[in-house]
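Have a look at the structure below before the remarks.
Proteins come first, then strands; the chains are lettered A, B, ... in the order of their sequence lines, and each starts at number 1.
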Amino acid sequence: MLPKKYNALETEKKWQEYWQKENIYGFDENSNKKIYSIDTPPPTVSGKIHIGHIFSYSQAEVYARYKRMSGFNVFYPFGFDDNGLPTERFVEKKYGKKAESMPREEFNKLCLETTHEYEEMFKKLFISMGFSADWNHTYSSISDKAQKTSQKSFIDLYKKGKVYYSESLALWCTECKTAVAQAEIETKELPSRFNHLRFKVKETGEEIVIATTRPEFLAACVAVFVHPDDEKNTHLVGKTAVVPLFDIEVPIIADDKVELGKGSGIVMCCTFGDVTDIEWWKKYKLPLKKLVSDDGRVADWVEGYKGMKVEDARKKIIEDLDAKGYLIKAEDLVHNVAVHERCGHPMELIVKRQWFIDIVKDRQKFLDAGDKINWYPAFMKERYVNWVQNVGWDWCISRQRYYGVPFPVWYCKDCGEIIVADEDNLPVNPLSTKPEHACPKCGGKEFLPETDVMDTWATSSVTPEINSGWALNDSLFNKITPMTMRPNAHDIIRTWDFYTIVKSIYHFNNVPWENVMISGHVLAGKGEKISKSKSNSNLEPDELRDRYSADVVRYWAVNGRLGNDIILAEDEFKNGAKLITKLFNASKFVLMHLQDFDNSKEPELLPMDKWILAKLNKTTEEFKDYMEKYEIGLGINCVEKFFWDFCDNYIEIVKDRLYKPEVHGDAARLSGQKASYLALLSILKLFAPYFPHITEEIYQDYFAEKEGAKSIHITEFTDLSKYSDDTLLDRAEFIKDIVAQVRKYKSENNLSLKTEIETLTIKTTIKEIEFAKSVIGDIKTTCSARNVEFVESAENGIDIKLAEITE
RNA sequence: GGGCGCAUAGCUCAGUUGGUAGAGCAUCUGCCUUACAAGCAGGCGGUCAUAGGUUCGAGUCCUAUUGCGCCCACCA
């Protein structure tokens with residue numbers, strides 16, 4: 001028997017342990033059921049799990065449960081992204097030590113230990129939220145399996161000519177001292193100054209004014225540009241400009257990339273202050289002057305400023321220019337600067353050997369792949385398309401860092417030939433091993449290992465391959481790929497989704513998944529991201545779970561529109577809490593009356609009993625329609641709506657029949673029992689994906705024994721299609737309407753709902769009367785009416801004659 | 001500058017083939033009703049951002065405008 005009150009915390013823990021022990025959610029490789037595979041996002045192990053994670057992950061979780069109960073063999077792994085720069089920065093911050101301050105091996109060991117500790121915490125939290133992942137299929141991006149997969153991916157792309165090693169321009173973070181990819185850049189508004197500088201034209205001695213925000217690049221100035229249509233300045237074209245302070249002579253060139261009307265209309269081109277500089281440098285084959293070094297300092301060849309940090313050099317050069325009269329004026333301005341998303345530091349452009357994956361050339365292929373995937377919600381596809389169309393750089397995958405998947409690569413010490421590891425030997429660490437054979441080009445036997453590690457996305461972009469055991473030649477690979485669904489939040493469409501598509505297209509010429517389910521973000525306020533500094537400990541996932549229960553938090557997480565950001569408002573948890581309480585109480589009522597029920601009996605059902613099942617059948621159909629469109633919020637909405645109808649109307653209607661067989665007869669009671677049994681069981685199943693704990697509690701209390709399943713979560717939704725009856729649905733609405741009118745009458749007259757009515761006169765059309773007469777017993781008990789009369793009328797209405805109050 | 005989303009009750013949000021505006025919270029009135037007072041019944045509260053258009057009918061479709069947000073580009 002269910003207790004009087006539901007103790008969520010205790011109950012939830014109990015069933016979580018049971019599910020683990022009984023391996024309820026394990027993926028069955030030998031099953032004949034159709035497979036539904038999910039490419040679960042591995043959360044980055046670089047801090048804690050916030051409510052935004054729970055929000056997003058719960059949506060996919062509910063979907064996994066829905067598919068499992070729809071008869072699919074669900075492959076739902078779980079992973080952790082625990083390598084690369086985010087992890088390094090996290091560990092550096094936690095211990096207050098920089099990676100370069102200790103031996104590489106020591107640092108890597110520290111990273112590994114720290115991440116494992118956090119992964120355990122993450123896992124516990126997700127389990128406590130009722131996640132039905134198959135915890136036997138967990139993966140970590142630093143594991144041997146992931147490294148092997150990632151290296152195999154690299155080698156495959158290398159062989160296919162899609163990976164290249166080149167000394168070319170890279171986006172460089174002087175704070176993290178590594179190259180980064182375009183996708184890792186954010187824009188930030190930073191204050192700056194527009195400095196108007198005096199240049200001289202060598203041939204005529206004329207003075208020209210050039211405005212720049214980065215005067216420290218003067219020494220690396222390689223040309224000056226004007227717009228070809230700028231009549232004011234076209235006479236300068238072909239002449240030579242003299243750079244102040246440094247007396248460097250550079251050509252003046254016309255190019256329509258110059259923006260008319262900005263500054264003086266004359267621009268300097270340095271290597272490299274911004275992206276336009278690169279374009280001009282390439283287009284006009286200008287010389288290369290490397291001004292910024294790896295650590296963000298001015299190069300040694302720049303007299304007077306060498307070794308200074310770029311920001312310091314900027315200050316000093318402005319002073320120097322001013323002192324010598326070259327600075328005409330300076331305006332303060334705020335402009336958008338490209339910064340590294342991990343550290344917020346402004347990016348530099350430098351030339352250095354890096355490993356790249358060739359993506360720009362194949363944009364169209366990636367766009368085509370995007371077309372083949374179903375995006376839920378559909379408009380999120382636009383973000384993908386928008387990003388792919390604008391990708392301007394090949395994907396730089398090498399990072400001059402320490403903790404990550406190593407490149408399976410050595411270089412011949414003699415001739416520089418690139419030696420790639422043998423696939424059979426993966427994973428390899430070139431730092432501690434050597435190639436098996438001499439250099440194929442020169443026969444050299446000495447090698448230099450590649451010391452860089454791969455970008456963390458280079459590994460997380462092969463999660464379908466890691467999960468399916470591609471690198472292990474696992475039979476699972478063909479079974480579960482392409483995966484059925486990829487869930488993630490919209491911020492990583494441009495990174496995780498895009499890169500995963502790139503890899504899949506290059507490796508298999510196929511899409512990685514059939515469907516993408518995109519979630520929104522949880523915001524702290526309007527347009528305000530949840531950040532660590534703002535996060536309120538009251539609204540941490542574990543706090544919310546303890547206060548409201550995991551089922552309630554899950555309800556909150558799915559109850560919105562797919563893909564939409566939501567503002568965290570604690571009031572919204574009350575909605576779910578209320579529903580849970582109601583579900584428990586209603587179940588308690590139904591089960592109380594089912595203790596002597598024999599489910600094998602098939603009684604002829606009374607009209608209102610048929611009605612509730614017909615209505616539930618319709619609800620189930622609607623539910624499934626929404627779910628197939630990944631609209632899990634709308635799915636539960638329609639179930640919830642039905643459930644309140646069930647409580648407010650059906651239970652009230654059937655109540656008296658269940659309590660008093662001596663008055664209404666055993667057949668009337670049995671009919672009510674049958675309908676109640678089926679209805680509650682179906683309701684529990686429909687709620688089960690959302691509220692896995694309370695539904696299991698109720699199922700185990702009564703239904704498990706009758707139905708014979710080990711858990712409600714491995715049953716399938718009840719098929720009630722034989723009760724489908726649209727005419728009955730209409731007819732029954734009329735009965736509900738009578739009950740509502742009676743309730744309103746009593747409420748308006750300040751009467752208790754159980755106040756007895758001597759005669760209830762129902763005025764309506766002949767058509768409605770017919771049906772109403774067939775359920776007259778139910779009307780009497782629900783309204784507490786001794787007599788019910790019918791009067792034929794064009795308009796619906798009721799008359800009430802109260803019973804005399806007898807003391 | 002390009003792309004996308006949002007605008008509905010005091011608050012937070014639903015409303016998906018166009019058909020009489022919904023929920024929770026808040027507020028007011030009443031009710032101990034053999035599941036539930038952490039409850040139940042009922043009330044108050046909305047020219048569905050604005051202006052046009054399509055339609056017998058528009059919160060829903062189209063066009064324009066305004067405000068807010070996100071992504072991308074720009075960063076001399």
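- Residues satisfying the ring-ring contact (aromatic ring centres under 6.0 Å, His included) test with A:His593, not counting sequence neighbours, are A:Phe589, A:Tyr659.
- For the P atoms, the distance from B:C62 to B:G69 is 25 Å, rounded to whole Å.
- Distance noted for atom P between B:C61 and B:G18: 8 Å (whole Å).
- Within a 6.0 Å radius of CD in A:Gln595, more than 12 heavy atoms belonging to other residues, nucleotides or ligands are found.
- Atom CG in A:Asn637 sits about 10 Å away from atom P in B:A14, given to the nearest Å.
- In this structure, the nucleotide among B:A76, B:A23, B:A73 sitting nearest to the side chain of A:Met268 is B:A76.
- For the pair A:Lys744 and B:G43, the criterion of a side-chain N or O lying under 4.0 Å from OP1 or OP2 is met.
- In this structure, A:Ala211 reaches the sugar-phosphate backbone alone: every heavy-atom distance under 4.0 Å involves primed, P, OP1 or OP2 atoms, never a base.
- Counting non-hydrogen atoms under 4.0 angstrom, A:Asn336 reaches a base of the nucleic acid.
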Secondary structure of RNA chain B in dot-bracket form (Watson-Crick or G-U wobble, distances below 3.5 Å, | marking inter-strand pairs): (((((((..((((.....[..)))).(((((.......))))).....(((((..]....))))))))))))....

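- Qualifying salt bridge (Lys or Arg N to Asp or Glu O under 4.0 Å) partners for A:Lys257, counting only residues two or more places apart in sequence or in other chains: A:Glu279.
- For A:Glu570 and B:C25, the CD to C1' distance is 12 Å, given to the nearest whole Å.
- Rounded to a whole angstrom, the distance from the P atom of B:G39 to that of B:G3 is 49 Å.
- Aromatic rings from A:His693 and A:Phe691 are positioned such that their centres are separated by 6.0 Å or more.
- When each of B:C74, B:C4, B:A23 is scored by its nearest atom to the side-chain atoms of A:Val275, the top-ranked nucleotide is B:C74.
- Nucleotide B:G3 holds its C1' atom 9 Å from the CG atom of A:Asn390, rounded to whole Å.
- A:Val258 comes within contact range of at least one nucleobase, with a heavy-atom separation under 4.0 Å.
- When the ring-ring contact (aromatic ring centres under 6.0 Å, His included) test is applied to A:Phe199, no partner is found at least two apart in sequence or on another chain.
- Counting atom types as modelled, A:Asn386 pairs a side-chain N or O with a base atom of B:G2 as donor and acceptor under 3.5 Å.
- Spacing between B:C48 and B:A58 at atom P, rounded to whole Å, works out to 12 Å.
- Between A:Lys618 and the choices A:Asp726, A:Asp730, A:Asp645, the salt bridge (charged side-chain N to carboxylate O under 4.0 Å, His left out) rule is met once, by A:Asp726.
- With sequence neighbours excluded, no residue satisfies ring-ring contact (aromatic ring centres under 6.0 Å, His included) with A:Phe217.
- A:Thr187 comes within 4.0 angstrom of a base, heavy atoms only.
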Please tabulate, one pair per line, each protein N/O and nucleotide N/O from nucleotides 26-31 of chain B that are separated by under 3.5 Å, including the distance.
none

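- Nearer to the 5' terminus of RNA chain B, by closest-nucleotide assignment, is the contact made by A:Ile651 (compared with the other of A:Gly265 and A:Ile651).
- The interatomic distance linking A:Ile493 (CD1) with B:C4 (P) rounds to 14 Å, in whole Å.
- With sequence neighbours excluded, the residues satisfying ring-ring contact (aromatic ring centres under 6.0 Å, His included) with A:Tyr384 are A:Trp375.
- In summary, the aromatic rings of A:Tyr66 and A:Tyr63 are positioned with their centroids under 6.0 Å apart.
- Computed from coordinates, the A:Ile185 CD1 to B:A73 P distance equals 9 Å when rounded to whole Å.
- Counting only residues at least two apart or on different chains, the salt bridge (Lys or Arg N to Asp or Glu O under 4.0 Å) pairs with a member in residues 620-640 of chain A are A:Lys67-A:Glu628.
- If you run side chain to side chain contact (heavy atoms under 4.5 Å, CB included) between A:Glu652 and each of A:Asp778, A:Thr781, A:Thr782, only A:Thr782 comes through.
- Not a single salt bridge (Lys or Arg N to Asp or Glu O under 4.0 Å) links A:Arg363 to another residue, sequence neighbours left out.
- Checked against salt bridge (Lys or Arg N to Asp or Glu O under 4.0 Å), A:Asp255 has the following partners two or more places apart in sequence or in another chain: A:Lys283.
- Remark: P of B:G3 and CD of A:Gln389 are 11 Å apart, rounded to the nearest angstrom.
- The salt bridge (charged side-chain N to carboxylate O under 4.0 Å, His left out) test with A:Glu756 is passed by exactly one of A:Lys780, A:Arg786, A:Lys746: A:Arg786.
- Applying the 4.0 Å criterion to OP1 and OP2 of B:C4, one finds that A:His490 has every side-chain N and O outside that range.
- Side-chain contact between A:Ile359 and A:Trp393: absent, with no pair of heavy atoms (C-beta onward) separated by less than 4.5 Å.
- The 5' end of RNA chain B is approached more closely, in terms of each residue's nearest nucleotide, by A:Glu640 than by the other of A:Glu640 and A:Ala740.
- Among the atoms of the strands shown, base atoms are found under 4.0 Å from some heavy atom of A:Ala338.
- Separating the C1' atom of B:U60 from that of B:G1 is a span of 32 Å, rounded to the nearest Å.
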Every protein N/O within reach of nucleotides 36-39 of chain B N/O, cut-off under 3.5 Å:
residue: B:C36; atom: O4'; partner: A:Asn585; partner atom: ND2; Å: 3.4
residue: B:C36; atom: O2'; partner: A:Asn585; partner atom: ND2; Å: 3.1
residue: B:C36; atom: O2; partner: A:Lys582; partner atom: NZ; Å: 3.0
residue: B:C36; atom: N3; partner: A:Lys582; partner atom: NZ; Å: 3.2

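- One can place CD of A:Glu331 at 17 Å from P of B:C75, the figure rounded to the nearest angstrom.
- When the C1' atom is used for both B:U16 and B:A49, the distance is 22 Å, rounded to whole Å.
- Comparing the same atom, C1', in B:G15 and in B:A9 gives a spacing of 14 Å after rounding to whole Å.
- Atom CD1 in A:Ile653 sits roughly 16 Å away from atom C1' in B:U33 (whole-Å rounding).
- OP1 or OP2 of B:A73 has at least one side-chain nitrogen or oxygen of A:Gln182 nearer than 4.0 Å.
- Only the P atoms considered, B:C74 is 45 Å distant from B:G19, to the nearest whole Å.
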Sequence-aligned protein contact record of nucleotides 16-22 of chain B, with B where the base is within under 4.0 Å of a protein heavy atom and S where only the sugar-phosphate is: B------

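- With no hydrogens or angles considered, a side-chain donor-acceptor pair links A:Asp656 and A:His664 at under 3.5 Å.
- Counting any heavy atom pair closer than 4.0 Å across all strands shown, A:Cys647 reaches a base atom.
- Just one of A:Ile317, A:Leu245, A:Leu327 meets the side chain to side chain contact (heavy atoms under 4.5 Å, CB included) condition when paired with A:Pro215; it is A:Ile317.
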